[in-house]
Each structure stands twice: as C-alpha cells, then as structure tokens.
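Contents: one structure, followed by commentary.
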Amino acid sequence: MNNIHDMGGMTCFGPVEREENEPIFHGEWERRVLALTLATSVFFGPLDRRRHVLEQMNPLDYLSCSYYERWLVRIERLSKETGFVTDEAFTSRGAALFETVSGAPVDSDTMDSIIRQGNPSVRDTGRLEPCFAVGDRVRARNINPSGHTRLVRYVRGRVGVIHQIHGTHRFPDTTAHDKGENPQPLYSVRFDATELWGSSASIKDSLFIDLWEDYLEVENG
Amino acid sequence: MNNIHDMGGMTCFGPVEREENEPIFHGEWERRVLALTLATSVFFGPLDRRRHVLEQMNPLDYLSCSYYERWLVRIERLSKETGFVTDEAFTSRGAALFETVSGAPVDSDTMDSIIRQGNPSVRDTGRLEPCFAVGDRVRARNINPSGHTRLVRYVRGRVGVIHQIHGTHRFPDTTAHDKGENPQPLYSVRFDATELWGSSASIKDSLFIDLWEDYLEVENG
Amino acid sequence: MADKHQHDVPPNPYLEKRRTATEAKALEERVRQLENLLTEKGVVSKKTLDRVVSIYENDLGPLNGAKVVARAWIDAAYRQRLLADATKAIKELGFGGLQGEHMVVVENTATVHNIVACTLCSCYPWPVLGLPPTWYKNPPYRSRIAIDPRGVLIEFGLELDDSIEVRVWDSSAEIRYLVLPERPQGTEEFSEEELAALVTRDSMIGVARVNSFS
Amino acid sequence: MADKHQHDVPPNPYLEKRRTATEAKALEERVRQLENLLTEKGVVSKKTLDRVVSIYENDLGPLNGAKVVARAWIDAAYRQRLLADATKAIKELGFGGLQGEHMVVVENTATVHNIVACTLCSCYPWPVLGLPPTWYKNPPYRSRIAIDPRGVLIEFGLELDDSIEVRVWDSSAEIRYLVLPERPQGTEEFSEEELAALVTRDSMIGVARVNSFS
C-alpha cells in the first residue's frame, strides 16, 4: 500500500532535531515496549507481517505517535487480532495460535539466544541463480501492490545499476501476507541522484537501495 | 515541495465517507472563513501564493485540520505575515501592503462583481505559441522544486499524450513566489492508468491532468 | 483493482464530526476574533462578508449545472457548443465567474465514464455546482481516485463494467471540469425543467449516473 | 540542493518531548496493562522482558562498532575482510545477531562520503550500534535524507565540498549498513583502544566525521 511510512523524498517534515543527551529511552514504558516487541516476535509471526501492521496505521495516527508509541499500537493490534484483548478468556484463535507456536512464553535464555543468533532472512531454497549481474542496468518496476512491499515509491520506474548481490532472501511482499517466503535474489541497486530527483540534484551523488528480483526488470539501451 | 497535499495515489486514508444531508457549512464559523477567504483574496495576493501557504503546513497539522480549519490557518498566517496579529497597531509591512492594494476593504458590490467576473489565469502575453501539438507524446519532467508546483509526484517521469491545449496561462511555480507570472501554454495531458500505476491497472482507464509547458519534455519513440 | 485495497483501509478520521462541542466553540471564537481584527484593520467589511455567504448559500449550487445538462440533452446544437467551449456555452445560461473562469465539459457515453477530482486540493466548478461537498475535499477521495477510481465508484454504489473506459480528470485551479452525464432512458417526453430535476450533483462530478426518477 | 528547502520547513512536531505529564502517565498505564495481559496469558514472562531491557541498555551500543572501526584502521587485512564480508569480520570481534544478521560496511574516503538511513522505518545495525537515536527514526531524517542528503548533513554541522561524492544507503531489514569513517590525521601513534574512543556513533551512520580529539 502507498502509505505515509513510505516518506522518502518528502520535504515537509522540518529540520532534523537532535535531543539533548539523546536518551535511549524516554521513560520506563519505552523499555517495556521494546522488550514486549522482541519477546512476542516469535509468537506474533514474521517481521514483514508485523511491519505491515505499523504501515496500516492511518497517516494521522502514524504521524502523531512517537516511535515506541507506534510499536505499542502494533502489539495492541496484534493482541486484539489474536483475541487477547477483546475477550476475558482466550478466544479459539488465540488458543490455536498457542498450539502452533511451541514453547510460549519465551524464557530469558531463549530470548538471549534469539538476540545473539538473530533471525536471518537468507535462504538456501527458492531462486538461487540471480537473473542480473553486477553492472547490469535495471529498471525498478512501477507496481503499486495493495499489501506490504519494500519497493519504495521514489524508485518506481527509475533506472539503476546492480551494485551487489546479497544472495537469496525471503520476499517480504508474500511473507507478510502468509503467501509463502518466495525466496529470491536480493540486490543492492545504485541510482543516480539525478535519475531520482532530476537535474537539480548533484551529478556526484547516488542512492543505494536493496531490491528483490521481482521488483526489477531489464533496462535496454 | 513534496508535501502531504500531493496525495494522489496514496491508498491509506480509508473509504470515502459521505455525511448525512451533506451540509454546505458545519457551523457559522465555516461561513465566515469562506467569506473572509474570498474577501481578503485581493489583499493577500495571488491564489498560487495563498495555496502555497496551505501546502506549507506540516503533515500532522494538515491532516488533523478539517478543510475550513486549514483555510482559517491560512488567513491567520497571512495576517501574521502582514503584521496584523503580532502587533497592536499596523506594522510598516501591513501599512505598505495597504498602500499598494487600492480600495481596501473590498465593498460588497465589488465583491459581487469579483464573484461574477472571476479572476482568469489566461494571458495574452508570454509564450503564446505552444511547443506541443495535440497527439504529441510527452514526458512529465522529474523535477522536485522546493516551492509551489502543480506537477504532482505521481506523473513525474511518466509518459502521456497531449489531449488538449488550454491556451496561455500564468505559471503557478513562479507566480506563487513573486517571480513573475511567466505565462505559458497549459495542456491537458492524458496518461494511461497502466503507465501511472503499472500492469495491475485497467488498460481501459486513463487520467487527464493539466500541465504547464515547463513541466513537459518531448518523448521520443 | 476494485476491491484490491479493501483489506488495508484503516478507519477514517477525516470527518468534521470528530470535533467536540468545546473544540467547536473554541473554533467559533478563533474565527470571531480574526474577523474582528480584519474588520478593525479595514481589510474586510461585515457587509461584504455577509454578501459572500449569501451568494454561496443561496445563489450558487448544482441547480445551475443541472440546467446546463438539461439544455444539452434537449438541444443538440447547444450540446455541441458546450463540448467545444464550455465557458462560453455556460455563460449563455448566465453562469460563470469565480472558480469557473475556464470550464471544460466532458461527456459520458455508453462506453466512457468520466470522473472529476482534485488531488492537490479541492478545485471544482463553483458557478455550476456551488461549493464542493466535504468528501470531495478530504484525503480518502483525493488520494485514491487517482489510483483506484473503480474502487472509489463502488463506494458510491456505482459498479462499472470492465468494458467501460474510465477517465479521471485531476483538475487544477485554472481549468474546472463538469461531467455531462448520459440522459437516462425513458425521459423522451420530459420537459427541460423535468430533466433538470433529475440531474444530481454527484452525476456531474461523475460518481453517479442519472436515473429517470429523481 | 543544500539550502533549497530552507524557506519551506515548518516547525517540527515530531519529538517525544511534546507529550504532557498526564499523557505520559496514561501511556505508562497503557503499557503496564498490556504487559500484565500478555504475562497473564503466558505469552511473555517478566524475567524475559527484564533481560531484553538489560541487553539493550547495557550490552549493545556504538562502542561495539567503534571497536570494529578501530581494528580496521590498524589492521589492513582485517579491513579487507570487513569490506568483503562484514558480518563474518564483525563476528570475529564477537558481535552479531538480531537486526544485524547480514551486515555491510561501506568505506568513507577523501572523495566518497557514505550516509546510512532507513526511509521506510528504522533499520539499523543493532549489534554494532545499539538502538537507533530518535532522529534516525523520525520523519525529518527519514524523508529528506533521500532527496537532500547534503542539506541534512549541514544540519549535523557537516558541510561537504561539491567535489565529494555522496552515497546514501537506504537500508532495509535484511541488510544493515555501517559506515567505516576515515581515520583522522594525527592519530598515527594512537593505540587501538585510543582510536576506538574517537569513533562516534554519528560517524558510523555517516552524519559526522571522526575527529582526532574525542
């Protein structure tokens, strides 16, 4: 969906403001929201799905919430979807989720290990042979999917060059919507600033963004 | 500037909601804001400049205000700029404005005549010979000016066809910033929906938008 | 793309009715102060303000547009003039002026459906339709009409066949668009006045068709 | 485009400090209720939550990244390994894991300046930099860094010569970027620890250079 989270290239949010002392957390509640988010991450499903929950906030709510407030809204929504919040007891949906997710709640050692190991998106299945090689000219497709996508609006239809191949990774557009991981090559694509923003941009400058193979098409000429 | 007012193609604002009975005004204050806006329009300068004031609202304010609230904010800002609100007496700037605008306040008969006559943007000076003809393929330039523009983000870089020539009109991008009216041909340009939004759009559909000559370049092939 | 965006739409907070009584009162007061200030400074006069309100509340509205449409339906020569130079043809019926200095009329047919919008703000042909409705000025219509016109029309109760060509007109301040809807069947015997009574505002924006019963 | 957008910037309402004491209290309460609910349901345990907070408040932060940078400055072979496979080379120093499963290091030189951002959300290399600062996650940086990086850098006090090539890295969740800043002059005699002490978080995001005094 084309929502406000896709804000690259907007010029209307004012100057960057740095806080004095830059506290990691602005209150105890922010600590707990971070912890709740990480501790429920296995339970509530793939990252892409959880990201999409944030992206579905209407722009007014999205912009009036601070960062951890949005994360709070996300846990609340996911809890509601699961049936925790609406009913006193577990709903059947919540109970079913428990059955499929083994070992909830995550204990502190498992959490520790999740943080140390991470949750890599790289896959050794799916499309393992990249269609494009480093140096190839590609055009970012102009697609406007209704669901989650990482193809930002500001590169759609623009021509770039393959800079690096990151291997085969799960595809967010399908993973977010329970349509399978659809693993495919992920590329770092370089765009000239003038291609993205026109001739007033510096000809010295460029922008690199990671794009999945399904976002790209061959550019001839 | 790329601000939230340029919202064509966003898909995140929810369904269209129609009000019961669709009142023209939702309170006496809306009547007065409309009237104040029209009655001060000559005094506060060209439409494009006044539009730009609205567009400069930060997105959070823009979206949390209703339509006439934004118009109210505009009159307040213009009044402040003119020096009415900040000081008890006229500031020199406000006084100077009065000197240049003859006949303020507009009396009700003049207002009536303004409403009946309008304020046409068509000009018989400037670039009178259009560069493009009906049927020409053109590409909307990918420009990202910092000021007021009517070149919406969703057509930048896209290819369309000249559908109609509307004559020579004052150019908003310069008029809004006191850089002259720079009159030039205004075209109705037709874009295929698939060109704007990709292959999921209907091949039957198209979008027409009025674009000034400086927004367009020849598209070959 | 009709139902494509359905599952992704959050509730709409963009309606006027969100405002509490206290907030509304504060707003009334804010406007009163501004009006007093501008009146005191001699920028506006109360009499002028009252005249503006009266014109837009009483004189201008979609009845003007309905007269234009009805005339075009019964008078083929007028219809031609209207499609060739709308501003001039509309002037024949006495309408024109502010926010309608240069008007264009686009014609619906059995195979083409036109819709008017303004994605950047709220441009609309005031002399023939009056002031735009709230939904026309709010983000849901402005944003989605450009990318998903068929889906938006469904929300207005109008489901178009895939074979019909949809044309969206994203208006700007300089040129204002009016849709000439199709004359409904079974109105062959209607008088010009009876025809005008059938023509709705929504049909002239292009979010509805005209029915043979009003 | 450095100062181009200057006259158009409205005041920034996107900082945490906007919140009143009452609102903050309501927020604390809302979070407490959610935590209690999820704990009661057995989805999370307090002990696990405490562990998470402790890790991100005490163990992870830009000091890790600074060690990586300092090592690369003094050890040419390590620098090569870091630029070739950052995840593996960073693992040599014991760092890696969540939100840094696949890392890439980009090198600043006398002619190239790299800046890391995430326009869609807040992706950032947690194992080497800890949690991102507020400005990194807020709309002003996220939106403008893509179109006006030089203007944004000026707001950070870094004015780049036109001859320098600016590279913006718009990160996504899968690949996390870290800038290897230039080693400042006059640090030839510094130990690895002394070098690490010079390296700031901002220099590893690319919004600052490293100075020879900390």
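Letters A, B, ... mirror the listed sequences (proteins, then strands); counts begin at 1.
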Next on the checklist: Assess the residue pair Glu19(A) and Thr134(D) against the criterion (side chain to side chain donor-acceptor pair (under 3.5 Å)); give the C-alpha distance rounded to whole Å, side-chain angles, the decisive distance to 0.1 Å, and a yes or no.
Outcome noted: CA-CA 8 Å; Glu19(A) 297 170 292; Thr134(D) 302; 2.8 Å; yes
Next on the checklist: Checking Leu72(A) against Leu27(D) for the side chain to side chain contact (heavy atoms under 4.5 Å, CB included) test, could you report, in this order, the C-alpha distance in whole Å, the side-chain angles of both residues, the deciding distance, and whether it holds?
Outcome noted: CA-CA 9 Å; Leu72(A) 169 60; Leu27(D) 210 43; 3.8 Å; yes
Checklist entry - Between Glu76(A) and Arg30(D), is a side chain to side chain contact (heavy atoms under 4.5 Å, CB included) present by the stated rule, with each step listed? => result CA-CA 10 Å; Glu76(A) 287 174 340; Arg30(D) 202 169 131 203; 2.8 Å; yes
Next on the checklist: Set out, in order, the CA-CA distance, both residues' side-chain angles and the distance that settles side chain to side chain contact (heavy atoms under 4.5 Å, CB included) for Arg51(D) and Ile115(A), then state yes or no.
Outcome noted: CA-CA 11 Å; Arg51(D) 180 74 71 94; Ile115(A) 290 173; over 6 Å; no
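Both the backbone and the side chain of Leu49(D) come within less than 4.5 Å of a heavy atom of chain A. Contacts between Asp202(D) and chain A at a heavy-atom distance below 4.5 Å involve the side chain alone, from C-beta outward. For chain D, the nearby part of Leu47(A) is the side chain; its heavy atoms alone come within less than 4.5 Å. For Phe25(A), the part lying under 4.5 angstrom from a heavy atom of chain D is the side chain only. Contacts between Ile175(D) and chain A at a heavy-atom distance below 4.5 Å involve backbone atoms as well as side-chain atoms. In this structure, the portion of Arg116(A) lying under 4.5 Å from any heavy atom of chain D is its backbone and not its side chain. Ser41(A) does not touch chain D: none of its heavy atoms, backbone or side chain, sits under 4.5 Å away. Only the side chain of Tyr177(D) comes within contact range of chain A, with heavy atoms under 4.5 Å apart. For chain D, the nearby parts of Glu28(A) are the backbone and the side chain; heavy atoms of each come within less than 4.5 Å. For a residue to count as touching a neighbouring chain, one of its non-hydrogen atoms must lie under 4.5 Å from one of that chain's; by this rule Ile164(D) touches chain A with the backbone only. Residue Ala193(A) does not touch chain D at all, counting heavy-atom pairs closer than 4.5 Å. Residue contact with chain A, scored on non-hydrogen atoms closer than 4.5 Å, involves the backbone and the side chain of Phe156(D) alike.
For the options Val31(D), Leu60(D), Asn114(D), Thr39(D), heavy-atom pairs under 4.5 Å to chain A are most numerous at Val31(D). Contact count versus chain D (heavy atoms, under 4.5 Å) is highest, among Leu36(A), Leu207(A), Asp205(A), for Asp205(A). In terms of heavy-atom pairs under 4.5 angstrom with chain D, the leader among Pro23(A), Ser206(A), Gly27(A) is Ser206(A).
Side chain to side chain, Trp135(D) and Glu22(A) meet the donor-acceptor criterion of an N or O pair below 3.5 Å.
Nearest heavy-atom pair across Gly9(A) and Ala146(D) is N-CB, 4.0 Å. Contact detail for Arg144(D) and Thr11(A): the closest heavy-atom pair is CD-CA, 4.4 Å. Across every non-hydrogen atom of Thr48(D) and Ser108(A), the tightest pair is OG1-N, 3.2 Å. Heavy atoms only, all atoms of each residue included: Asn119(A) and Glu101(D) are closest at N-OE2, 2.7 Å. For the pair Asp210(A) and Ser172(D), the tightest heavy-atom approach, listed with the atom from each and the gap, is OD2-N, 4.3 Å. Across all their heavy atoms, Arg142(D) and His5(A) have their closest contact at NH2-O, 3.0 Å.
Note: His169(A) and His102(D) have tilted aromatic rings, judged against thresholds of 30 and 60 degrees for the angle between ring planes.
The existence of a salt bridge linking Glu165(D) and Lys204(A) is excluded, since no basic side-chain nitrogen approaches an acidic carboxylate oxygen closer than 4.0 Å.
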Below 3.5 Å, can you tabulate the donor-acceptor pairs from side chains in residues 117-128 of chain D to any protein atom, sequence neighbours excluded?
unit_1	atom_1	unit_2	atom_2	d
Thr119(D)	OG1	Asp170(D)	OD1	3.3
Thr119(D)	OG1	Asp170(D)	OD2	2.7
Ser122(D)	OG	Tyr67(A)	OH	2.2

